[in-house]
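What's counted below: heavy atoms across the whole structure, side chains too, no hydrogens, waters or symmetry copies. The first residue in the sequence is number 1, and the count goes up from there.
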Amino acid sequence: MKAFTVSKAVSALMLAGLVLLPLYSQLSGNVFILTLFTRIVILALAAASLNLIMGFGGMMSFGHAAYLGIGGYAVGMLAQEGVGSGWIQFPVALAASAIYALVIGALSLRTRGVYFIMITLAFAQMAYYVASGLARYGGDDGLTVYKRSDFSGLINLSDRTQFYYLCLACLFGVMLLIWRIVNSRFGLVVQGLRSNEQRMQAIGFPAKRYQLVCFVISGTMCGLAGALLANNTDFVSPAVMYWTRSGDLMVMVILGGMGTLFGPVMGAVVFLLLEEFLSQITEYWALIMGPLLLLIVLFGRGGIMGVLGRAGRG
């Protein structure tokens, strides 16, 4: 069996399952599974955006959930002010996330290592506390989105199936964009900077400029996930920007396989399904989840995709 055949087959089956899921939900009458997987697809999109900078770019951001909140609040705040058009809400969400990523990236990329991690965490916590103080938009209690984004009748986000396929199309679009970026000259430079930044600078590449552009693209993608998440839950809260959410996204990337295209999606599916299953068994599900994830990370080098790749070679 050729190398990576197993990983490719499993990835193809997973993507086919995601596409056919609404059909299964309709035939079985299980509405909850469609609701659950809509959330999984949205967070998989966020994890894929983090993988662009963490897995391919070597930038360990611990504040990536800030863009989830910014994208969500952009939708919620505009809806609160009477602007319900998705043609306005989504571009504003993407632009706000891009601007915040530009500010964070411009400052944090002056450092490296643990200092980079701490600065990105500090900016995310700053966004969290700012959102908590917005009394007009719910403050600590969060903001209810009473009406989902309106796309002039082209798609009805209140329809579970239509909304699921919109989220899935956004995920596939982001994955395609990441694939194009990673295999472009720009992406190869970013990966080269991850491997040896000093050598890349020595041959004339402006390292910080490439990394900053990659950082902004990643933040913008995550802002899209935030806009979708606000529509999915009809609610946006400062809690979505808390550091633990960023930790969840990092776990999804590491669990699935950093630096692989389908790894974050696989990691999101496994992580969130485990969370859902264990939470139904016991309220102390985190005590079981933690050691399980630790064992996978310690003994499954390269995450799930790494294990599948070795199975294909062996």
Within a strict 4.5 Å, meaning less than it, do heavy atoms of the [X] and [Y] side chains meet?
X: L154; Y: W87; value: yes
X: S246; Y: L121; value: no
X: S61; Y: I117; value: no
X: I42; Y: N232; value: yes
X: M250; Y: M60; value: yes
X: L52; Y: I217; value: yes

- request: Could you tell me whether E81 and R136 make a salt bridge, using a distance below 4.0 angstrom between a side-chain N and a carboxylate O?
  value: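 Salt bridge: yes.
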- prompt: Does CE belonging to M118 count more than 12 external heavy atoms closer than 6.0 Å?
  reply: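 Open.
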task: Give a yes or no on whether R194 atom CZ has more than 12 heavy-atom contacts from other residues, nucleotides or ligands under 6.0 Å away.
output: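 For R194, atom CZ is crowded (more than 12 foreign heavy atoms under 6.0 Å).
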- request: Classify the side-chain pair S85/D150 by whether it contains a donor and acceptor separated by less than 3.5 Å.
  value: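 No pair is found: no donor N or O on one side chain lies under 3.5 Å from an acceptor on the other.
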message: Under a 3.5 Å cutoff, is there a donor and acceptor pairing between the side chains of Q80 and Y73?
response: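 Short answer, no.
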- prompt: Once you round to the nearest 0.5 Å, how far does CD of E283 lie from OG of S279?
  reply: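 Those atoms lie 11.5 Å apart.
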message: Can you tell me how far apart CE (M200) and CG (L193) are? Round to the nearest 0.5 Å.
response: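 These two atoms lie 5.0 Å from each other.
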- prompt: When you measure from the side chain of S108 to the backbone N and O of I104, does any donor-acceptor pair fall under 3.5 Å?
  reply: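 Side chain of S108 to backbone of I104: a pair is present.
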- prompt: Does G263 offer a backbone N or O that forms a donor-acceptor pair with the side chain of N51 under 3.5 Å?
  reply: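 A pair under 3.5 Å: no.
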task: Please find out if less than 6.0 Å separates the ring center of Y164 from that of F37.
output: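 Centroid distance Y164-F37: not below 6.0 Å, so no.
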- prompt: Taking the six-membered ring for Trp, is the centroid-to-centroid distance between F151 and F90 below 6.0 Å?
  reply: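 Yes - the distance between ring centres of F151 and F90 falls below the 6.0 Å cut-off.
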message: Parallel, tilted or perpendicular: which one describes the rings of Y67 and Y100, with boundaries at 30° and 60°?
response: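 Ring orientation, 0 to 90° scale: perpendicular.
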- prompt: E197 and K208: salt bridge (charged side-chain N to carboxylate O under 4.0 Å, His left out), yes or no, with the steps?
  reply: CA-CA 10 Å; E197 184 175 331; K208 302 307 179 189; 3.1 Å; yes
